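Since the structure comes first, as structure tokens, the remarks are kept for the end.
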Amino acid sequence: MATNNKVRVRFAPSPTGGLHLGGVRTVLFNYLFAKQHKGDFILRIEDTDQSRFVPGAEQYIVDCLTWCGLIPDESPSLGGDYAPYRQSERKPLYRQYAEQLVESGHAYYAFDTPEELDAMRAKFKSEHNASPQYDHQVRMQMRNSLSLPSHEIKRLLDEGIPHVIRIKMPVDEVVGLKDMIRGGVNFNTSQVDDKVLLKGDGMPTYHLAVVVDDYLMKITHAFRGEEWLPSAAVHVLLWKYLGWEDAMPQWAHLPLILKPDGNGKLSKRDGDRLGFPVFAMDWLDPKTNELTKGFKELGFLPSAFINLLAMLGWNDGTTRELFTLDELIHNFSIERVHKGGAKFDFEKAKWFNHEWIKNSTAKALFPEVKKLFEQENVAINNDAQLERVIELTKERCTLLTDFITQGKFFFVAPEEINGEPIKAKWNSDKANFFEEFSRLLKATDTIDAISAETIFKNLATEKNIKPGELQLPLRIMLVGDKYGPPVFDIAATLGKDETCIRILSALAQLP
RNA sequence: GGCCCGUUGGUCAAGGGGUUAAGACGCCUCUCUUUCACGGAGGAAUCACGAGUUCGAUUCUCGUACGGGCUACCA
């Protein structure tokens, strides 16, 4: 193990679609660990399967990381000492290592066609073997450089017959690894199949590429999802067979994020079904033109998104739940990451965002909120006014998009008012009250919440009406409905002129 | 089916031989406020099961059950 080297970690997604929140969490844990150790975080694109390649997916991943503030130190676009960072561009590199393994007897050529593979699986499939593997039990019955006579192998190779290179798993050996989260994990090699290392098209599979690139890029710690644990035996063996055992990274297999109901890992489908996002940002599938909603566009703050992801499977041992990225960097510890998967809870996710909005200053929230208003075609020509509105409304906004409903009426008078809640108790005395109230307001210089309330209450006393019975009507006149911040704050923010206009206009609509 | 990983309230979880088994989300009640929130005070709700070790197991060991992952020329 390369103990003296600088910490280097990588996130290695394949550009096949939207970035799942589990992926972002993997990035986050990698990033936190790297930054805590003053190390490097590398983005490597694993595009070895051209059949699954989706145009735009790589840029989308970069955009998501940027939004989250998890910026790589090396990446395809940034470059770095170990470029290229796209595996498709590294294609010529891999073959030699595969060949090296063939020469050392740890791998072999296999010429089986997809049909032959299917036939093998069909032949051996039984209730005792639900999913037959290409392994030490069957490989001598297949067409490969272990089973075929040497002149036949030479002929096939000379004729350029398509073939793959498979690892030759040893029989009945124990391969172990130390996982930073789980401790020791052992596998019996007889149980593991002869995984394809180099594909027919000359591209490496994940198994070969991850080992070769982690070695070449001097990766010291490899964190990935738990779904990789079963194939870790292959990777450990590869490190050994390639003669790089001393440079093997330390492993940590992260628990999965599970669907909130039922069982299984969280998928995009679950989000669609249950009505919450699973991707970090909006993802437009270029093939189907289908748009999948993201946390960003739904109104999440990146800081909240990062925070809630960090708490999914990790905590610092105290009751603290709110952390900034910097605080996470200081407090994070891979050893405290849970072993068990966590069901995703969208309600809790929203709570995090609500907390972050409440704790943010109006100034900090301003740019995003202004953008939102502009998208809604609500012109903001008074920035200071918007900032006041944000300050006034932020505690009742769970999502950034809530600022629209909570704040729009400050800039655009309600088109019609909902008189329903006050209809029953409405009468001419109250109408008179509001007429007079607007007259009094007009006569004052300026109003603030206190003075407006004083005028309002004094007049109510004078007219012998309970102020409480007048507050809801006033709210509805100003807002159009029964929501929003304290009503005199609204009046003060609107200013006396606009307040009077709205009162009079509402009066005209009430019976 | 096989292999691997896991299991504390509905959810996220702290704890790790002796505790009234924290805290948070959500839910409910009350309070504040005659909007909705925020804030405050309460409440219901948990150690999967069975053995073993022990004076004593939620905690350690082993089984069982349950859940999950993997089992592709996908990652």
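Being a predicted model, the structure only gives us computed values, none of them experimental. First the proteins, then the strands, lettered A, B, ... as listed; each starts at 1.
- One interatomic measurement links the two molecules: CD of E321(A) to P of C25(B), which rounds to 7 Å at whole-angstrom precision.
- The number of heavy-atom neighbours closer than 6.0 Å to NZ of K358(A), taken from other residues, nucleotides and ligands shown, is above 12.
- When rounded to the nearest whole Å, the span between CD1 of I357(A) and C1' of C38(B) equals 14 Å.
- Comparing C70(B), C5(B), G1(B) by their nearest atom to the side chain of R182(A) picks out C5(B).
- Spacing between A48(B) and U59(B) at atom C1', rounded to whole Å, works out to 15 Å.
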(request) Dump the intermediate steps for salt bridge (charged side-chain N to carboxylate O under 4.0 Å, His left out) on D213(A) and R90(A), then the final yes or no. (result) CA-CA 9 Å; D213(A) 285 344; R90(A) 303 169 66 82; 2.8 Å; yes

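- R139(A) places no side-chain N or O within donor-acceptor distance of the main-chain N or O of D194(A), the cut-off being under 3.5 Å.
- Listed for the E99(A) side chain is no donor-acceptor partner under 3.5 Å among the backbone atoms of Q96(A).
- In terms of position on RNA chain B, the residue among N129(A) and V487(A) whose nearest nucleotide sits closer to the 5' end is N129(A).
- In the set C4(B), C25(B), G69(B), the nucleotide with an atom closest to the side chain of L256(A) is G69(B).
- Nearest nucleotide to the K358(A) side chain, out of C5(B), G39(B), A13(B): G39(B).
- Between K394(A) and A37(B) there is no side-chain polar atom (N or O) within less than 4.0 angstrom of OP1 or OP2.
- Base engagement by E395(A) is indicated by at least one non-hydrogen atom pair under 4.0 Å involving a base atom.
- Across all strands shown, P486(A) has heavy atoms under 4.0 Å from base atoms, whether or not it also approaches the sugar-phosphate.
- Considering only heavy atoms from C-beta on, I167(A) stays 4.5 Å or farther from L101(A) through its side chain.
- A parallel orientation is assigned to the rings of W426(A) and F434(A), their planes being inclined by less than 30° (bins at 30° and 60°).
- Distance check on atom C1': G68(B) versus U31(B) gives 44 Å, rounded to whole Å.
- For E416(A), the CD atom sits in a loose shell: 12 or fewer heavy atoms of surrounding residues, nucleotides or ligands are nearer than 6.0 Å.
- Taking all atoms of both residues into account, the shortest heavy-atom contact from A280(A) to C64(A) is CB-SG, 3.8 Å.
- Put simply, K125(A) has no side-chain N or O that comes within less than 4.0 Å of OP1 or OP2 on U71(B).
- Between the side chain of H253(A) and the backbone N or O of R182(A) there is no donor-acceptor pair closer than 3.5 Å.
- A close approach under 4.0 Å does occur between a side-chain nitrogen or oxygen of Q471(A) and OP1 or OP2 of U34(B).
- More than 12 heavy-atom neighbours from other residues, nucleotides or ligands sit within 6.0 angstrom of NZ on K91(A).
- The distance from atom CZ of R396(A) to atom P of U33(B) is 15 Å, rounded to the nearest whole Å.
- Residue contacts for P485(A): at a heavy-atom cut-off of 4.0 Å it reaches a base atom on one of the strands shown.
- Listed nucleotides C4(B), G26(B), G2(B) differ in distance to Q191(A); the shortest reach to its side chain belongs to G2(B).
- Proximity note for H128(A) (side chain, C-beta onward) versus A22(B), G1(B), G6(B): the nearest is G1(B).
- We find that CD of E226(A) is positioned 10 Å from P of U7(B), with the value rounded to whole Å.
- Atom name C1', nucleotides U7(B) and G16(B): the rounded distance is 16 Å, in whole Å.
- Spacing of P atoms, U20(B) relative to C4(B), comes out at 41 Å, to the nearest Å.
- Comparing the P positions of C28(B) and C38(B) gives an interatomic distance of 13 Å, to the nearest angstrom.
- For the pair I490(A) and V479(A), the minimum side-chain heavy-atom distance is below 4.5 Å.
- Comparing G317(A) and K348(A) along RNA chain B, the residue whose closest nucleotide (by nearest heavy atom) sits nearer the 5' end is G317(A).
- In this structure, the CD atom of Q50(A) is 15 Å from the C1' atom of A72(B), given to the nearest Å.
- Here H253(A) lies out of heavy-atom contact (under 4.0 Å) with every strand.
- The distance from atom NZ of K195(A) to atom P of C70(B) is 11 Å, rounded to the nearest whole Å.
- As rounded to the nearest Å, U33(B) and G40(B) have P atoms that lie 16 Å from one another.
- Whole-Å rounding puts the F187(A) CZ to G2(B) C1' distance at 13 Å.
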Pull out every protein N or O sitting under 3.5 Å from an N or O of nucleotides 73-75 of chain B, one pair per line with the distance.
unit_1, atom_1, unit_2, atom_2, d
C73(B), OP2, R166(A), NH2, 3.2
C73(B), O2, G200(A), N, 2.6
C73(B), N4, D112(A), O, 3.2
C74(B), OP2, K199(A), NZ, 3.1
C74(B), O2', D49(A), OD2, 3.3
C74(B), O2', R52(A), NE, 3.1
C74(B), O2', R52(A), NH2, 3.1
A75(B), OP1, T48(A), OG1, 2.7
A75(B), OP1, K199(A), NZ, 2.8
A75(B), OP2, Y206(A), N, 3.3
A75(B), O3', E46(A), OE1, 3.3
A75(B), O2', S14(A), OG, 3.2

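- In this structure, the CD atom of Q137(A) is 14 Å from the C1' atom of U71(B), given to the nearest Å.
- Within 4.0 Å (heavy atoms only), G225(A) reaches no atom of the nucleic acid at all.
- Taking atom C1' on both nucleotides, U8(B) is separated from A13(B) by 8 Å, rounded to a whole Å.
- Closest contact between the side chain of H354(A) and the listed nucleotides A37(B), C12(B), G26(B) involves A37(B).
- Other residues, nucleotides and ligands contribute more than 12 heavy atoms inside 6.0 Å of the NZ atom of K430(A).
- Atom P of G1(B) sits at a distance of 35 Å from the matching atom of A57(B), rounded to the whole Å.
- Secondary structure note: stems in RNA chain B built from 3 or more consecutive Watson-Crick or G-U wobble pairs under 3.5 Å occupy B:1-7 with B:65-71, B:10-12 with B:23-25, B:27-31 with B:39-43, B:48-52 with B:60-64.
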